[in-house]
K.L.:
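Pasting a structure below so you can have a look.
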Protein chains: 2
Amino acid sequence: VDEQKIIDFVRKSVSFQSPGVIMGIGDDTAVLKYDTRRYLLATTDTLVGDVHYLPDYFTPKQVGIKAIESNVSDIAAMGGVPTYAMISLILPRNTDKGFIQGLYSGIRMCSNKYKISIIGGNVSRGNQVSITTQMMGFVDKKNLCLREDAEIGDLICVTGMLGASKVGLELLKLKKLGKSINAFLNPKSNLQSAKKIAKYANAMEDISDGLATEIKNICKESKTGAKIYKNKIPIKKSAIKDSKILGKDPINFALYGGEDYEIVFTIPKKNVKYLEKRNCKIYILGKILPKKEGIFLMDDGRKTKLGSGYNHL
Amino acid sequence: VDEQKIIDFVRKSVSFQSPGVIMGIGDDTAVLKYDTRRYLLATTDTLVGDVHYLPDYFTPKQVGIKAIESNVSDIAAMGGVPTYAMISLILPRNTDKGFIQGLYSGIRMCSNKYKISIIGGNVSRGNQVSITTQMMGFVDKKNLCLREDAEIGDLICVTGMLGASKVGLELLKLKKLGKSINAFLNPKSNLQSAKKIAKYANAMEDISDGLATEIKNICKESKTGAKIYKNKIPIKKSAIKDSKILGKDPINFALYGGEDYEIVFTIPKKNVKYLEKRNCKIYILGKILPKKEGIFLMDDGRKTKLGSGYNHL
């Protein structure tokens with residue numbers, strides 16, 4: 001099962017598009033007509049036990065929080081704010097009552113924080129726990145940032161330091177300790193920065209599948225190339241420290257790790273000053289190029305290939 | 001895992017409701033503000049392999065069709081029409097390419113039929129196939145029919161003959177043949193009738209969990225009782241015939257079987273003539289009563305208890 005191949009297949013095989021659809025398959029979040037000022041956003045994300053979270057390490061409450069945060073992150077990456085959510089659970093017959101209570105205490109706490117209404121859902125029986133969250137939100141039309149909106153010459157930036165989440169996962173798998181574990185267990189979307197950036201950015205994505213993959217997605221949809229300066233990629237201190245325990249280079253976690261839920265965006269150089277004025281911390285790490293120049297990493301003046309995703313580690 | 005208990009728990013534990021929510025948890029479908037004329041509807045439903053469909057008997061295309069039809073049925077039961085859908089798949093690592101292609105040929109065929117745009121989704125790895133469909137649609141405000149809208153004195157009606165789907169499932173499980181199997185493998189929502197009825201009905205529900213359960217849901221939310229005439233319940237011919245093979249009383253399948261996807265609704269007596277004029281076939285089978293009279297079945301002049309759901313068979 002190669003997710004990207006399946007999505008490409010679905011995209012080709014789906015034929016009918018109603019006039020209400022501004023952006024369907026092709027971004028993390030669908031964009032739909034709403035009123036004169038706003039678009040309606042809709043996204044969905046699934047957590048599968050043992051795949052997307054580790055039942056031995058996550059409390060049920062943390063699972064509930066992750067279910068909400070990962071979807072908020074997708075809405076934020078469009079320049080929008082979340083409003084409604086539906087939760088579809090698959091639960092084994094012997095599921096502990098405490099699991100469901102803990103899960104919903106996380107869902108409730110996190111959705112209240114963002115003023116998201118839980119408007120419905122579904123409970124099904126199955127042999128493995130999964131939580132599919134569907135979230136809706138709104139975006140001012142002038143703030144909408146699509147993957148396909150990057151322009152040649154834009155600076156490529158991120159909103160925070162990367163790598164800790166996947167370092168934390170590796171530590172857990174090896175039963176080792178380190179501060180990075182906290183980043184993996186308690187993911188947090190960066191809605192506040194995304195809201196500030198949306199007015200000034202062109203393309204935006206949240207870093208759920210790794211920085212390299214997200215930049216490649218932006219380039220694919222925008223039909224551009226990109227240059228990334230390896231030494232400009234901000235790596236979280238805990239990721240650097242804990243990578244030593246793993247005997248691995250932390251840059252690979254920052255580039256390919258994913259689930260950091262920071263925002264990567266492209267912005268015209270002239271707009272950067274507005275973000276500085278608004279105290280929005282950003283890290284500039286590359287530039288959008290014409291498509292024919294390709295997508296590559298600059299490492300001490302040498303061009304190198306940009307790998308793709310966590311599999312690359 | 002008792003679905004109703006979990007839903008009741010979720011309903012109590014979810015606290016924040018935004019002003020955009022007309023109806024949240026408590027109906028099959030959420031109702032949200034849209035424009036001056038219409039509400040936005042949102043529903044979700046999950047099919048789990050071996051639970052909601054039997055991989056040995058359903059073709060992948062039939063699974064795709066069922067995923068769409070069951071959600072269309074929920075939108076229809078609000079008096080609305082479906083517009084957008086998102087599909088979230090969980091697939092085991094070894095999933096056959098043919099399964100995905102077949103599934104999407106069903107999803108595509110069925111969504112094109114209803115002019116539904118597939119606007120997004122998600123693919124995750126897991127150890128059991130599941131398909132979670134989230135569907136949106138619109139309803140004219142004046143046509144909205146909620147569970148809670150039944151009025152004392154309303155007639156209780158259904159749009160078609162019942163029982164065949166669950167008889168078909170029982171036949172399949174016993175490896176016996178019969179026409180009812182077709183009803184189980186090829187569920188079809190009754191959007192056409194629902195559209196005609198919505199203008200004149202008070203409460204509406206689609207019969208996914210069985211006639212008795214749906215009527216109880218309507219009574220619970222409308223705070224009423226109900227009287228059902230056992231001999232007025234329309235049973236499909238194939239269900240009657242195939243029940244003999246099973247050695248069971250077909251009325252139990254019609255009352256408790258579910259997945260027939262016809263519509264049960266309550267309507268003021270004076271409005272029935274409008275449905276007749278519009279050639280909308282309906283079966284009148286009971287009456288909404290004050291809550292204190294309870295919910296019961298009339299069997300040859302004797303009051304009997306109304307069971308609940310498929311478990312009752």
Side-chain angles (χ1 to χ4, degrees), chain A residues 1 3 6-7 9-10 13-18 20-21 24-25 27-30 32 34-35 40 42-48 51-52 83-84 86-93 95 100-101 104-105 107-108 111-112 115-128 130 132 134 136, chain B residues 1 3 6-7 9-10 13-18 20-21 24-25 27-30 32 34-35 40 42-48 51-52 83-84 86-93 95 100-101 104-105 107-108 111-112 115-128 130 132 134 136:
Chain A
V1 183
E3 179 173 1
I6 296 174
I7 292 170
F9 166 74
V10 169
S13 75
V14 160
S15 39
F16 177 76
Q17 284 301 347
S18 95
V21 182
I25 301 168
D27 215 300
D28 266 350
T29 298
L32 305 168
Y34 191 74
D35 61 19
L40 178 68
T43 190
T44 185
D45 204 22
T46 298
L47 301 180
V48 179
V51 179
H52 298 95
T83 315
Y84 310 123
M86 304 182 90
I87 311 287
S88 297
L89 302 179
I90 298 177
L91 299 173
R93 215 188 267 277
T95 300
I100 300 169
Q101 288 170 336
Y104 270 94
S105 78
I107 289 172
R108 184 176 60 240
S111 56
N112 283 354
K115 293 197 175 8
I116 296 166
S117 300
I118 306 295
I119 57 169
N122 193 270
V123 184
S124 300
R125 190 158 46 79
N127 57 28
Q128 188 178 29
S130 74
T132 296
Q134 193 272 341
M136 291 186 255
Chain B
V1 184
E3 180 174 0
I6 296 173
I7 292 170
F9 166 73
V10 169
S13 75
V14 160
S15 40
F16 177 76
Q17 285 302 346
S18 95
V21 180
I25 299 168
D27 215 301
D28 265 352
T29 298
L32 305 168
Y34 192 73
D35 61 19
L40 178 68
T43 190
T44 185
D45 204 22
T46 298
L47 300 180
V48 179
V51 179
H52 298 95
T83 315
Y84 310 123
M86 304 183 90
I87 311 287
S88 297
L89 302 179
I90 297 177
L91 299 173
R93 217 188 266 278
T95 301
I100 300 169
Q101 289 170 336
Y104 270 94
S105 78
I107 289 172
R108 185 175 60 240
S111 56
N112 283 354
K115 294 200 177 1
I116 296 165
S117 299
I118 306 295
I119 57 169
N122 192 270
V123 184
S124 300
R125 190 158 47 79
N127 57 29
Q128 187 178 30
S130 73
T132 296
Q134 192 273 342
M136 290 185 255

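Reminder, nothing fancy here: chain letters follow the sequence lines and each chain counts from 1.
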K.L.:
Please state whether the side chain, the backbone, both or neither of A/Asp35 comes within less than 4.5 Å of a heavy atom of chain B.
P.N.:
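Neither part; nothing is under 4.5 Å.
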K.L.:
Which atoms of B/Phe9 come close to chain A, meaning under 4.5 Å heavy atom to heavy atom: side chain ones, backbone ones, both, or neither?
P.N.:
side chain
K.L.:
Could you look at B/Leu32 and say if it's the side chain, the backbone, both or neither that has a heavy atom under 4.5 Å from chain A?
P.N.:
side chain
K.L.:
Looking at A/Thr132, A/Leu40, A/Ile118, which has the largest count of heavy-atom pairs under 4.5 Å with chain B?
P.N.:
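Of the candidates given, the most pairs with chain B belong to A/Ile118.
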K.L.:
Answer whether the closest heavy-atom distance between the side chains of B/Val10 and A/Ile107 falls below 4.5 Å.
P.N.:
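B/Val10 vs A/Ile107: side chains apart.
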K.L.:
Looking only at heavy atoms, which two atoms of A/Val21 and B/Tyr84 are closest? And how far apart?
P.N.:
CG2-CE2, 3.6 Å
K.L.:
Given heavy-atom pairs under 4.5 angstrom as the criterion, report whether the side chain, backbone, both or neither of B/Asn127 touches chain A.
P.N.:
both
K.L.:
Counting heavy-atom pairs under 4.5 Å with chain B, which one of A/Gly20, A/Gly120, A/Ser130, A/Ser111 comes out on top?
P.N.:
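Of A/Gly20, A/Gly120, A/Ser130, A/Ser111, A/Gly20 has the most heavy-atom pairs under 4.5 Å with chain B.
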K.L.:
Drop me the distance from A/Met86's CE to B/Thr29's OG1, to the nearest 0.5 angstrom.
P.N.:
7.0 Å
K.L.:
B/Ile87, B/Leu47, B/Thr44, B/Asp27: which one forms the most heavy-atom pairs within less than 4.5 Å of chain A?
P.N.:
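Max contact count across the listed options: B/Thr44.
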K.L.:
Heavy-atom distances under 4.5 Å only: say whether A/Gln128 touches chain B with side chain, backbone, both or neither.
P.N.:
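Contact with chain B involves both backbone and side-chain atoms of A/Gln128.
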K.L.:
Check whether A/Ile90 gets within reach of chain B through its side chain, its backbone, both or neither, counting any heavy atom under 4.5 Å.
P.N.:
side chain
K.L.:
Using every non-hydrogen atom in the two residues, find where B/Ser124 and A/Thr46 come nearest and quote the distance to one decimal.
P.N.:
OG-CB, 3.5 Å
K.L.:
For the side chain of B/Ser18 and the backbone of A/Ser117, is there at least one donor-acceptor N/O pair under 3.5 Å apart?
P.N.:
no
